Each structure stands twice: as C-alpha cells, then as structure tokens.
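Scroll down for the structure; my scribbles are underneath it.
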Amino acid sequence: MGAFFEGTQDLFTEQPTGDPRERLGRRHPRSAEALVEALKRDHHARIVGEVVAPAREARYAPFPEALDSRLRAALEARGIRQLYSHQHEAWSHVTAGHDTVVVTPTASGKTLCYNLPVIDAALKRGAKSLYLFPTKALSQDQVSEILELNAAGQLGIRAYTFDGDTPGDARRAVRTHGDIVVSNPDMLHQAILPHHTKWAQFFEALRFVVIDELHTYRGVFGSHVANLIRRLRRVCRFYGSSPVFIACSATIANPAELAGRLLGGAVRPVTESGAPQGPRHVLVWNPPVLNADLGIRASARSQSTRIARLAVKLGLKTIVFANSRLEVEVLTKYLKDVFDRDPRKPARVAAYRGGYLPTERRDQEAKLRAGRLDCVVSTSALELGLDIGALDACVLNGYPGSVAGALQRFGRAGRRQRTAVGVLVCTSDPLDQYLARHPEFFLGASPEHARIDPDQLLILMDHVRCAAFELPFADGETFGGVKLDDALRYLAEQGVVHREGPRWHWIADSYPANAVSLRSIAEGNFTVIDVTGGRKDVIAEVDYAGAATTLYEGAIHMVQSAPWQVERLDWVGRKAFVRATTADYYTDAIDYTKLKVLDEFEAEASATARAAHGEVHVVRRVAGYKKIRYYTHENVGYGRVSLPDQEMHTTALWWEAAPRALEQAFATRFEALDGFLGAAHAVHRIAVFLSLAEPRDIGRAVGDGGPESAWVAAAGADGRAEPRTLDGTAVELAGAGRPFRPTLYLYDNYPGGIGIAAPLFDLRRQVIERSTELVAQCACKHGCPACVGPVLAAENEKRLAPKRAALTVLALLRGCEPPAQPAH
Amino acid sequence: MDLQTRLVQLRAKAQARGLAPSPASVPALGERLERLRVGAPARGVPTAEALAASVGGTVVAPGLIEVGRTYALPFEHGNVSIASGSSLADAAKSVGRLSGAVSPEQLLFLDTETTGLSGGTGTTAFMVGVGWLEGCTLRLVQWLMAGFAAESGLVARAADRFARAGVIASFNGKSFDLPLLKTRARLVGQELRADGLVHVDLLHVTRRLLRSAWPDCRLRTAEERALGLERTNDLPGAEAPAAWRRWLERGDASLLGRVLDHNRADLLSLVALLALLEHPTARETPLLHAPA
C-alpha cells in the first residue's frame with residue numbers, strides 16, 4: 001500500500017489505570033471485533049439488525065501532467081507521491097472550468113481535491129480563491145494544512161482566515177495580499193459583500209470558490225446560503241470575474257442536485273472514492289422491554305451508556321451522538337459518573353455541543369486530536385469534518401432523523417486498517433421503533449435527498465435587500481432567475497430603494513445584512529450569563545427557536561452536564577441570567593400550539609373526512625414545565641412560565657373527521673380527542689419520514705377547526721387528551737348544541753413556510769396509511785410512546801385505549817369504516 | 001322584471017360569487033408580500049435646475065449642482081482669527097506632526113453629507129464639500145447630487161481636487177469620508193487617488209489633546225467650546241439623509257438649503273479649529289478647559 005499522507009497523527013496516549021482488563025484492551029488490534037463479540041454474546045436479543053461492510057482497497061492515479069512542479073515537490077516532501085482516483089477526477093473537472101461537487105466519505109482526502117487546483121492556479125497565474133467553511137474551527141484547520149504544504153515546498157502562498165476574530169489592521173492585509181481567503185457564510189454576508197469595493201483586487205482575480213460541508217447547507221440555512229451565492233455571483237460579475245465553484249459534500253442521495261440548486265447551475269459530481277477503508281460493523285440495537293403491557297422499554301440512554309462503557313473499557317475511542325443538547329448533558333453525566341469520578345485525574349469523557357463558548361470547543365477539539373479524551377458525547381455539531389483524530393466506535397443515541405445523517409455520524413469512526421463499529425440505539429420514538437421492526441430499511445437504505453427553497457419569499461426578500469445595498473439593481477434584472485420588478489417596487493414603497501431611470505438605488509440609512517440571520521427566518525441569539533457569586537460571565541448561547549423552551553425562569557439549563565438554573569430572562573435584551581444549582585432534577589417545557597386557517601389552497605373531502613392545505617396563523621405558548629428527576633424519570637413537580645407567544649404565518653395541511661361519522665365512532669368526545677392526539681403522534685413521525693425533513697421542521701397540533709379555534713388539545717399528566725385554551729384553562733366539550741371539530745394540523749415550522757406542507761398534501765393518502773401501519777403493528781397493547789404517545793396503565797380498563805382510539809380516527813381520515821369497537 | 005334587468009342581476013351575482021381558487025394558481029408576488037407585511041407610497045420629479053435655483057447654486061454637469069463661496073483672509077470665525085494661507089499650512093504641519101514642508105496650495109479641507117453611517121457600498125455621499133486656498137482667499141465649493149446620475153460628475157470633480165492636493169484636513173475623514181469616496185468612485189468605475197496624500201484628521205488630534213477636558217470629541221462640542229460659536233437654526237447632521245430622501249422621493253427641496261448651510265459651517269469650523277490648534281498657547285487657553 002503506497003504511503004499516504006494522513007491529516008492527523010494516530011495517537012494513543014499511555015494512560016496508566018488500575019483495571020487490568022483495560023490495560024489489556026488498549027492497543028489490541030481487534031478491539032472493535034471484541035466489542036461486537038461481547039455485545040452479541042451478552043445481549044443477543046437486543047441486536048435486531050447487523051451489517052458488515054468489507055474493507056476497501058485504494059485506487060490510485062498519477063499526478064496530473066500539468067501540475068506545477070513546485071507543488072509536486074511540496075507534495076512529495078510531505079510523503080504524497082500519487083493521488084487517489086477521485087482527487088484526479090476532481091482536478092479534471094475543475095481545470096476544465098466546471099463547477100464540481102466531491103462526495104466521498106470523511107478522511108478520504110477531500111481537501112486535496114480543491115487545494116490542488118487552487119494552489120496550482122495561484123502559483124501559475126496569481127489566481128485568488130475564497131474558501132467557505134461553516135465554522136471557524138474548520139477554517140483554522142484548513143489554513144494550517146495549506147501552511148504546512150507551503151512550508152514543505154516554499155510555495156509562498158498566502159492563506160488567511162477572515163472572520164470575526166480578525167483584527168482591524170490585519171483585515172487590510174487579507175484583502176489586498178491574500179491568495180486564499182478562508183472565511184464563512186456569515187462573514188461573506190455581513191462583512192465582505194456589503195464592503196466589496198474594499199475587496200476589488202480580490203474579486204477581480206477570483207478564480208475559485210470552495211464550499212466545504214455542502215450538505216450542511218440544507219433547509220432554512222441552505223436556502224439563505226443559496227441566495228448568498230446569488231449575491232456573490234452578482235458582485236463577481238461587477239468585477240468581471242466568473243469563478244469556478246468546488247464543493248465537498250457528505251453522502252446524501254442528491255449531491256449534484258443540491259449543489260446545483262445551491263450554486264445556481266449545473267454541477268459535475270465526483271462520487272467514487274479511491275481512498276482505502278477498514279471493515280465496518282453496523283448494529284441496530286433495540287432496548288429490552290420492561291413492561292410488556294405498556295410496551296415500555298429501557299431507555300436508549302441506559303443502553304448507549306452501557307455500550308459506550310464497554311467500548312471505552314476495551315480501549316476503543318468512542319463517540320456518542322445524541323439528538324438534543326439535553327440528551328448530551330444527561331448522557332455525559334451518566335458516563336462521567338462511571339469514568340470521571342476522581343476529580344484529580346484528567347477527564348476522560350467530555351460533552352461537545354453548540355452553545356458552548358468557542359474557546360471551550362477548541363479546547364475539546366485539541367484534546368480529541370491529541371487522544372487525551374476517551375469518549376466524547378456530542379450533538380450534530382461534531383458531524384462535520386472537523387479534525388478530531390480517529391475514533392473506533394460510534395454510538396447513535398436515537399435515529400438522527402435521516403439515513404444521511406446516520407451515515408455521516410458513523411463516518412466519524414474508522415481508521416484505515418482498523419475495524420470500526422457503529423451502533424444505532426433505538427429510542428421509544430415511533431420512527432426508531434419502526435426501524436427496529438424493519439432494520440433492513442435502515443441498513444439497506446440510500447441516504448435522503450437534501451432540500452432547499454431558495455425562492456422562499458421572506459428569505460429571498462431579505463437577500464434582495466442586501467443585494468440592493470451592494471449594487472443598484474437594473475430594470476428587468478433577475479436574481480437567480482427570479483424576476484424582481486415586484487420586489488423592487490415593494491422596496492421602493494418602503495423607502496428603502498429609489499428608482500431613477502432604469503436603476504434602483506439604496507437610500508435607506510440602515511445596513512440590511514445586520515438584520516438578516518442566515519440560520520433562521522427571524523430573530524437573534526440569546527446569551528446565557530452566569531451570575532453565581534456576583535459574577536457576570538457569558539457561558540453559553542442559545543438560538544431564538546430554542547430559547548422559549550429552555551431558558552424560561554426556573555429552567556435547569558445544563559452546560560457540560562453541570563446544572564444552572566435560570567433566575568431571570570430578559571426576552572427583549574436576549575439575555576438569560578443563571579446561577580449554579582445542585583438540583584437533582586432536570587426540566588422539560590410544556591407548550592401549547594394554536595392554529596387558525598387564513599387561506600385554503602386545496603381540499604379534498606370524503607364521506608368520513610376532509611383534508612386540506614393552505615396558509616395558517618400559528619401561536620405557540622410555553623405554559624409551564626415539568627421537573628423530572630434523574631435516573632428514575634419521575635415527575636417531581638411543575639412550574640409556571642410566562643413568556644411572549646411566538647407567532648407566525650406559515651403553510652400547513654390538516655385533517656378533520658365528518659361530525660356524524662365521529663359521533664358514531666366514539667362514545668365520548670374525550671375519547672375522540674385521545675384518538676386525534678394519538679393519531680397526530682404517529683402522523684407527525686411518518687410525515688417527517690416521508691418529507692425527508694428533520695423532526696423540528698414540521699410542527700403538529702390538534703385543535704378546534706371551527707372559526708374561533710376555541711381550544712387546543714394536549715396530553716395531560718395522565719397521558720389523556722385535555723382540551724384547553726392557550727393559557728391552559730380547561731374547556732367544556734360536552735353539549736349537543738356545541739359543534740365539535742377536532743382537527744389534526746401539520747405545519748412548516750418556519751415563518752412563510754419552507755415548502756413541506758404542499759408536497760406532503762399530495763402524499764396524504766400515504767401519510768395516513770403508513771401511520772395506520774405504524775400504530776397497528778406496534779407490539780404494545782393499549783398504546784405506547786412508540787406509536788401514539790405515553791399512556792398510564794391504570795386508565796386502560798376504564799376508557800377506550802388510546803391505541804384503539806387512534807386507529808379509529810385514522811380509519812375515518814382514510815375514508816373507511818373504523819375497526820369494530822368492543823362494548824363499553 | 002324584464003329580461004334586461006334579470007341578465008344584469010345574473011351577471012352581478014356571478015361576479016359576486018367569484019371564481020373558485022384554482023389549485024395551480026399562486027397569488028402574485030406583490031399580493032403575497034402584502035399579506036406578510038405592509039407598505040406605503042408617494043413621489044414627484046422636479047429638475048436639477050429648479051433645485052439649483054432654490055439653493056443658490058448652478059448646474060455644472062447633468063444633475064450636479066455646485067455652490068461656491070469665497071472668504072478673504074484674514075477672517076474671523078467664532079473667536080478665532082484665520083490669518084493667512086501660510087498660517088494654516090504651518091498649523092497643518094505642526095498639528096499633524098508632518099515631517100516635510102507644507103505649502104498653502106496643498107491643503108484640501110473635506111466634509112461630506114451621506115445617506116447613512118455604515119460606510120458600506122449602500123451609503124452614498126450626496127453632498128461633498130471641499131475647501132482650498134488660493135492666495136489670500138479660502139474657496140469653498142459644495143457639490144450636491146440632484147439624483148444618482150450626477151454621481152459620476154461629482155466623483156470626477158472631487159478626484160480632480162484630490163489630485164492637486166497634498167494634505168487633507170477633515171474631521172473623522174480618515175475612517176469615514178475618504179474611504180466612502182473611494183468606494184463611490186469604484187462603483188462608478190473611477191479611481192480616487194489618495195495614496196500620496198497625507199491626512200490630518202482633526203478628530204484624532206482633538207481626542208489626543210482634549211479628551212480629558214471635554215465630555216466628547218464631536219465637532220459641535222469643539223465649535224462651542226474652542227471657537228465660542230453657537231449655531232442657530234442648524235439642521236443636525238443626523239437629519240441630512242432624510243432631507244435628501246425627501247427631495248428624491250417627493251421633490252421637496254425645502255431642507256436641502258439647510259443641509260448646505262450645515263455642511264458649510266462644518267467646513268469653516270474645520271478650518272478654524274486647525275488654526276486654533278496650531279498655537280501652543282491656544283491649547284492652554286482657559287476656553288479649552290471651561291465647563292459648558
């Protein structure tokens with residue numbers, strides 16, 4: 001096997017420990033096999049699926065003929081004597097002037113796919129390039145790599161990062177002398193484009209734009225970035241340049257399509273990796289059932305903890321991915337309880353997530369690279385190609401919502417000659433349980449399509465404003481193919497642009513880029529400030545969407561699994577003041593959502609139901625919170641919350657049952673509501689699944705479909721449906737005169753919509769059918785978190801079981817006869 | 001009722017019932033935008049000539065109005081006497097701590113009025129005021145854009161003055177006015193050469209000398225305390241952007257005259273401040289340290 005340059009050193013630190021089994025486990029070349037054997041031996045019944053991917057040999061290609069000799073010498077000095085096949089393929093496309101996207105796994109040498117043509121052109125023609133990374137850490141990694149190559153061959157290439165940390169006087173040097181400027185979308189948006197004349201020399205000589213981690217530019221963020229690229233292309237045209245775009249993406253189903261929509265043109269894909277890879281075991285793990293009647297299983301957390309413990313004891317570097325920051329904190333706590341009991345010894349387990357301050361994260365990354373941490377627990381923040389050294393085992397605590405996401409996370413584990421192990425631990429989430437019953441779906445599935453909606457109205461308008469600030473628009477000019485006459489007229493009416501002859505000039509005294517966040521269709525981030533002992537330290541950041549449900553007064557907010565309690569929340573000022581606490585519980589918010597239909601675009605009615613989609617007004621209120629004790633998960637109390645409502649207009653689809661059919665199918669209205677709530681639970685998961693979206697992209701609600709939207713339904717403490725007004729007061733449902741129109745809503749969880757509801761409406765039949773399947777095939781008797789939501793045992797004998805109620809509602813929505821009812 | 005009336009009624013009913021919304025139709029962009037937010041209107045288009053007449057200037061290029069003034073030296077501004085061209089040149093040299101010799105013809109005073117303070121490519125300098133010395137006179141020239149079409153002419157004339165200058169004196173011009181003019185030049189495809197120029201920014205000087213004595217280092221504060229001048233009926237600089245927008249959008253030039261006055265007053269105070277700061281004793285004058 002030819003020598004190949006590794007981006008990282010393979011470091012195992014020798015850490016003396018008392019446990020002989022541990023010392024034995026370390027440096028054992030077959031540790032990963034040992035883990036799989038141990039898991040199979042001890043917990044055979046929990047492994048519901050397994051797949052083994054064999055090792056892959058490398059495929060090489062020679063250096064391109066045209067490659068600058070100085071660059072060739074630099075590569076050889078670093079031990080690289082040939083390329084992988086995909087690196088050569090990328091070179092061919094890029095040098096022929098085609099926008100290109102490279103889709104190969106982590107650690108396959110993607111960076112050389114762009115560094116090679118970029119540095120070659122810089123050496124030969126003084127060409128300049130712009131690199132865009134989603135985070136600062138990745139940017140800094142990249143510059144280090146270029147500098148190393150520089151040093152190896154004395155190339156004299158000037159590569160600089162340009163981000164919020166770049167001091168004022170350094171910025172001038174970057175603008176005028178940088179051959180390669182490494183930055184991020186936010187900087188491009190707020191600092192570079194609106195001051196593009198200062199970058200005139202750079203734009204005139206710009207030949208390449210490199211966009212790494214392309215798959216992260218999806219959903220709302222992706223829609224913003226697509227518009228940012230439109231602005232960039234517009235500015236380049238002004239300076240007479242037309243750069244080639246080189247993108248790198250993780251494995252998604254449609255990389256060329258995503259790249260095309262993001263970059264605004266045809267893109268050549270490079271998908272066959274020539275890099276070698278060790279064998280990989282992937283297991284699908286379902287926690288054991290603890291209560292068969294209720295279908296309650298052991299928590300995924302307990303299983304992930306157990307697997308991670310064993311992996312670490314066997315000497316495997318392990319990463320555990322959790323789907324929420326709360327889960328990260330709880331898992332870290334459990335693992336630290338095992339491995340980091342002695343505070344005098346350096347920590348072996350660490351948590352990593354967005355919201356930690358950048359310095360802390362750099363610190364964790366460095367420790368990981370140096371091999372000083374044995375186990376890291378993370379959210380998707382570590383999904384990206386950040387260089388954190390090599391890992392052996394990857395545990396997913398819960399399905400991350402997409403096969404692509406799962407593959408990307410599994411991809412963090414694996415070295416060239418060593419086996420890697422990935423374990424997907426299923427939670428009680430209905431989708432996870434669906435996968436546990438059909439593991440072949442996950443193991444054999446191809447990753448999903450990534451979606452963006454660059455012409456989403458609010459997002460588009462934000463960027464048209466920014467673009468108008470950058471350069472005046474001309475009559476008839478298009479922006480990414482969209483005609484702008486209406487939009488410009490609208491801006492003129494707002495006094496933001498002024499039309500003179502055929503041109504529209506910016507005349508407002510504002511700086512539009514400051515008001516536009518690329519990650520949301522709204523407001524700013526909250527800072528979390530520690531005020532313990534009279535201090536005022538900023539310890540974390542939370543985005544607007546997460547603030548209402550995690551920073552209310554009384555909330556326990558965790559940072560590195562140390563709990564802080566929120567003492568005061570300054571909503572308008574975007575600040576939360578917290579104090580360290582020793583509480584033994586964590587908090588979980590209770591929120592109500594009310595919808596009102598503004599406009600119906602399309603509808604379909606049958607004898608027993610009606611489905612429609614259109615525009616809605618959504619109001620979300622956090623009414624209170626539950627206090628939940630660690631380990632036992634008991635509910636130990638409640639608290640009230642008073643925060644402003646979150647309101648927005650968006651698109652949605654909804655279902656109603658015909659009143660007469662509803663009356664015949666259910667003895668009481670409460671039972672019907674139980675059914676709707678249960679059905680909503682299943683329908684939401686299936687909808688997320690079918691739309692290939694993230695769970696937080698689609699909101700769900702059950703409420704009164706009548707003109708006043710008088711009530712919303714939420715699950716009470718006993719798991720049963722309770723109709724309430726938005727502020728939590730109970731509503732009377734009974735009474736023959738009162739109309740009863742329970743409605744199940746699914747809505748795009750972003751103001752203005754993001755293109756989910758309409759295509760989902762087209763799939764409405766499938767949604768209801770698969771939801772019926774999900775509930776009917778569930779192994780529980782009366783209902784459980786995997787199908788209709790949590791249910792208390794005691795209630796089952798008295799009322800119609802939630803599972804049955806949900807199936808009845810689903811049958812009505814399908815337009816069929818509901819299943820036969822037992823007498824009650 | 002007769003057939004005619006019935007037909008009319010039927011047509012009216014049909015119109016009232018309206019067309020059922022077709023699933024394929026998407027409401028027009030303007031309508032959708034209105035649903036999401038609100039908007040407002042109005043406008044008019046008088047000529048550059050009319051504007052020139054109302055502010056006492058002349059049209060020197062398409063859409064570009066020039067207003068000129070001359071001041072014979074010596075003259076008083078506030079309690080400062082501006083003696084001569086050479087005294088100003090000496091002042092520039094000592095206040096700016098310049099090494100080479102400075103001759104009066106090299107001096108260029110600069111102040112702009114803009115549509116905003118951000119300094120990015122969306123900020124326009126709709127008014128540029130410059131001053132220079134010709135023998136025993138101080139010449140002030142102000143250019144005002146009647147519209148964006150005038151910008152090219154404005155930039156060319158400003159660039160011409162810059163080309164003849166050696167030392168620029170301004171108040172915060174180093175970080176704001178000059179970079180802004182360079183940006184505007186680039187956007188209209190011209191270049192504003194300022195590399196060989198030395199910049200004496202009186203904001204920096206004022207800060208250096210008087211930071212501890214005064215509450216802030218704004219030109220108005222310096223004017224009141226050091227020059228002993230109180231402006232009457234001055235249009236604050238912050239209102240200049242709105243004044244110009246009013247002209248652009250409604251053809252209402254009523255405030256532009258006052259913007260010119262304000263800009264001119266700023267320029268004169270700039271000149272006087274330079275003269276004042278030169279005399280070492282002036283820096284110790286009780287005036288400079290007197291409370292407001």
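Predicted, not measured: the structure shown is a model, and the values here were computed from it. All chains are named by letter (A, B, ...) in the order of the sequence lines, taking the proteins before the strands, and each is independently numbered beginning at 1. All values below were derived from every heavy atom in this structure, side-chain atoms included, with hydrogens, water molecules and symmetry-related copies excluded.
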Should we say atom CG of B/L117 is surrounded by more than 12 heavy atoms from elsewhere, each under 6.0 Å from it?
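No, not enclosed.
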
Write down the atom of [X], the atom of [Y], and the distance for their closest heavy-atom approach.
{"X": "B/L248", "Y": "A/H498", "answer": "O-CE1, 3.1 Å"}
{"X": "A/E470", "Y": "B/L187", "answer": "O-CD2, 4.4 Å"}
{"X": "B/R186", "Y": "A/A200", "answer": "NE-CB, 3.5 Å"}

| What part of B/A242 lies closer than 4.5 angstrom to a heavy atom of chain A: side chain, backbone, both or neither? |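 Neither part, no heavy atoms under 4.5 Å.
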
| Checking A/A758 against chain B: side chain, backbone, both or neither under 4.5 Å from a heavy atom? |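 Neither part.
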
Point to revise | ring pair (Phe, Tyr, Trp, His ring centres under 6.0 Å) partners for A/F469, two or more places apart | key: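 Ring pair (Phe, Tyr, Trp, His ring centres under 6.0 Å) check on A/F469 returns A/W506, A/Y511.
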
**Message:** Quick check: under 4.5 Å, non-hydrogen atoms only, which of residues 229-239 of chain A neighbour chain B?
**Reply:**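 Counting heavy atoms that sit under 4.5 Å from chain B, the residues of residues 229-239 of chain A involved are A/F238, A/Y239.
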
Under 4.5 Å, counting heavy-atom pairs only, tell me which of B/G119, B/G116, B/G147 racks up the most with chain A.
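Among B/G119, B/G116, B/G147, the one with the most close pairs to chain A is B/G147.
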
Please examine the side chains of B/T121 and A/L471, heavy atoms only from C-beta on, and report whether any two atoms are closer than 4.5 Å.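 A side-chain contact under 4.5 Å is absent here.
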
Does any non-hydrogen side-chain atom of A/I507 lie less than 4.5 Å from one of B/E249?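 A side-chain contact exists here, since the closest heavy-atom pair is under 4.5 Å.
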
- Hey, which of A/R489, A/H613, A/E204 has the most heavy atom pairs under 4.5 Å with chain B?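 Answer, by heavy-atom pair count under 4.5 Å with chain B: A/E204.
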
Rounded to the nearest 0.5 Å, what separates atom OG1 in A/T197 from atom CG in B/L180?
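Taking OG1 in A/T197 and CG in B/L180, the distance rounds to 9.0 Å.
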
Salt bridge or not for B/E151 and A/R503, using N-O below 4.0 Å?
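Looking at A/R503 together with B/E151, the answer is no, because their closest N to O distance does not fall below 4.0 Å.
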
